[in-house]
Student: 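Please read through the structure below; I'll follow up with questions.
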There are 2 protein chains.
Amino acid sequence: MKIHREQIISTAIAILDRDGLEGVTLRRVAAELQVRPGALYWHVQNKQELLDEMANVLLSEQFAHFEGLIPGQEWSKWLQEMCLRLRQALLAHREGARVVAGAGFGRAFMLKQLLEITVSSLLAAGFSLRLAFLAWSTTTSYVYGFVIEEQAAPSEDTIRNAQRLQGESMVVAIQREKQEKMYTEDKDFCDGLEVIVDGIRQWRAKQLIYAEEDQEVREQYSTELDSGSREK
Amino acid sequence: MKIHREQIISTAIAILDRDGLEGVTLRRVAAELQVRPGALYWHVQNKQELLDEMANVLLSEQFAHFEGLIPGQEWSKWLQEMCLRLRQALLAHREGARVVAGAGFGRAFMLKQLLEITVSSLLAAGFSLRLAFLAWSTTTSYVYGFVIEEQAAPSEDTIRNAQRLQGESMVVAIQREKQEKMYTEDKDFCDGLEVIVDGIRQWRAKQLIYAEEDQEVREQYSTELDSGSREK
DNA sequence: ACCTGAACACCGTTCAAGT
DNA sequence: ACCTGAACACCGTTCAAGT
């Protein structure tokens, strides 16, 4: 049997969806491909590399054709769209958030690219470099944290505990309100995101004067777009 | 050799700090306690239960004696203090964020308690039930996401990639600014948190009228504090 | 009540040897 | 170039049997 790298990654993702992250095993991937476990090591350095590649695929599904801010567009709409897609990417596959978080910002190539697009879009929308970075860091951290909770398996005994601890009045009240007003996880996510975006908007309004260095960066970036390099 | 539950948990945490999360193995914990692996199963149902307990200990170290909002105190200061402590709890031990995230909001008892304190504190500060929950959800998601990134091992080849991809102008510019202005991870975290708190403040200012149900909840809670139960 | 002994069904990883 | 065979050093979990 002859296999190649992409097959390994895609069957690993198939197993992820079917059996969860702890079911993703090199031996099982090998079995699915009708190959001995050792064979995988010709295509992949180790299990972590496979997991990193899986993370990149999950992100690519949402961001492969994702464009930066268009001149007329509102930055807040664009930023929210970016966050919605990021959440979608993490939710699309079982334990997706854990997979991407496990790969880490460092190892996931797609995330670096997304950072590039985001920060330069916000610079174009009049953000200082600092605030553009803060907007990136704050929103993406939020998305990560939110989805990780969201995807955490409630586990069998969580329900037992919920019953037992009736004294937790807040949890009960919150859940009742959610039912009555039909608030979904989606609604919670979007509202929280809106809170953050409102905070960012406020910061942006307060710092309409940019440091000169930021202006430099903005110019340097736009020249780099059509010219080549320009070493410092 | 005779052991008890707490010893198991504390030596597991010791191993976590020494060898990282993947070093935390029931067999290694057993060896450290001079006991056969099977012996642990009398004190603990399975490995996940041990991990859950570890998560609770990490959180308890910061929140065991954490008080709710004091009447005179500003809610924003209190909320920020809560978030700082949460980050501290996650940072205090190697891969702490992964441990707590792995346990999940459902399984970590301490987190439910913290939710109770937070939401009731914000209600007391004039928040609607909805906004109090949003403030909780948004800030804690942010903290989680931020620390998970923060603790993600950069790995050997991240540096290689950083060198190779010089085209990433934004990453370079951001890192240069951080060095020049001496922005630390702490600074990034606090600024991002401030952005979120500013967003929350704005929402609070806009909804000074509460729904009657919220008022009900607030009253119910305060009576529950000194009286006993009051079933609906 | 609490632990040992011993097994079961798995892992990731390596590497000579085959084709 | 790409895979097999076979091993190594591990895992979590179970359970009769000991004390």
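Reminder, nothing fancy here: chain letters follow the sequence lines and each chain counts from 1.
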Student: Could you list the residues that satisfy side-chain contact (heavy atoms from CB on, under 4.5 Å) with A:Glu81, not counting sequence neighbours?
Tutor: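 For A:Glu81 the side-chain contact (heavy atoms from CB on, under 4.5 Å) partners, ignoring immediate neighbours, are A:Phe66, A:Arg85.
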Student: Under the rule for side-chain contact (heavy atoms from CB on, under 4.5 Å), what residues qualify as partners of B:Val99, not counting sequence neighbours?
Tutor: B:Leu16, B:Leu21, B:Met54, B:Ala55
Student: Using a heavy-atom cut-off of 4.0 Å to chain A, what are the terminal contacting nucleotides of DNA chain D, in 5' to 3' order?
Tutor: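 Nucleotide range in contact with chain A: D:dA1 to D:dA7.
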Student: What residues, two or more places apart in sequence or in another chain, satisfy ring pair (Phe, Tyr, Trp, His ring centres under 6.0 Å) together with B:Tyr144?
Tutor: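 Testing B:Tyr144 for ring pair (Phe, Tyr, Trp, His ring centres under 6.0 Å), a comparison that skips the adjacent residues, returns B:Phe105.
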Student: Please list, chain by chain and in numerical order, all residues satisfying side-chain contact (heavy atoms from CB on, under 4.5 Å) with A:His65, sequence neighbours excluded.
Tutor: none
Student: Mapping B:Arg27 and B:Lys2 onto DNA chain C by nearest heavy atom, which one lands closer to the 5' end?
Tutor: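 Comparing both residues, the 5'-ward one is B:Lys2.
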Student: Starting at the 5' end of DNA chain D, write a dot or bracket for each base, bracketing those in Watson-Crick or G-U wobble pairs whose two distances are under 3.5 Å and using | for partners on another strand.
Tutor: ||.|||||...|||||.||
Student: Using heavy atoms and a sub-4.0 Å distance, could you list which residues of residues 3-11 of chain B are near DNA chain C? By number, please.
Tutor: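 Under 4.0 Å from DNA chain C: B:Ile3.
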Student: If we count only N and O atoms by modelled type, under 3.5 Å, do the side chains of B:Glu61 and B:His93 hold a donor and an acceptor together?
Tutor: yes
Student: Among residues at least two apart in sequence or on other chains, which ones pass salt bridge (Lys or Arg N to Asp or Glu O under 4.0 Å) with B:Glu6?
Tutor: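 In terms of salt bridge (Lys or Arg N to Asp or Glu O under 4.0 Å), with neighbours along the sequence ignored, B:Glu6 is linked to no residue.
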Student: What residues form a salt bridge (Lys or Arg N to Asp or Glu O under 4.0 Å) with B:Glu32, not counting sequence neighbours?
Tutor: B:Arg18
Student: Can you name the residues that form a ring pair (Phe, Tyr, Trp, His ring centres under 6.0 Å) with A:Tyr183, not counting sequence neighbours?
Tutor: none
Student: Please name all residues satisfying salt bridge (Lys or Arg N to Asp or Glu O under 4.0 Å) with B:Glu194, sequence neighbours left out, ordered by chain then number.
Tutor: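 Residues passing salt bridge (Lys or Arg N to Asp or Glu O under 4.0 Å) with B:Glu194: none at all.
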Student: Could you pull out all residues at least two apart from B:Thr11 that satisfy side-chain contact (heavy atoms from CB on, under 4.5 Å)?
Tutor: B:Val29, B:Leu33
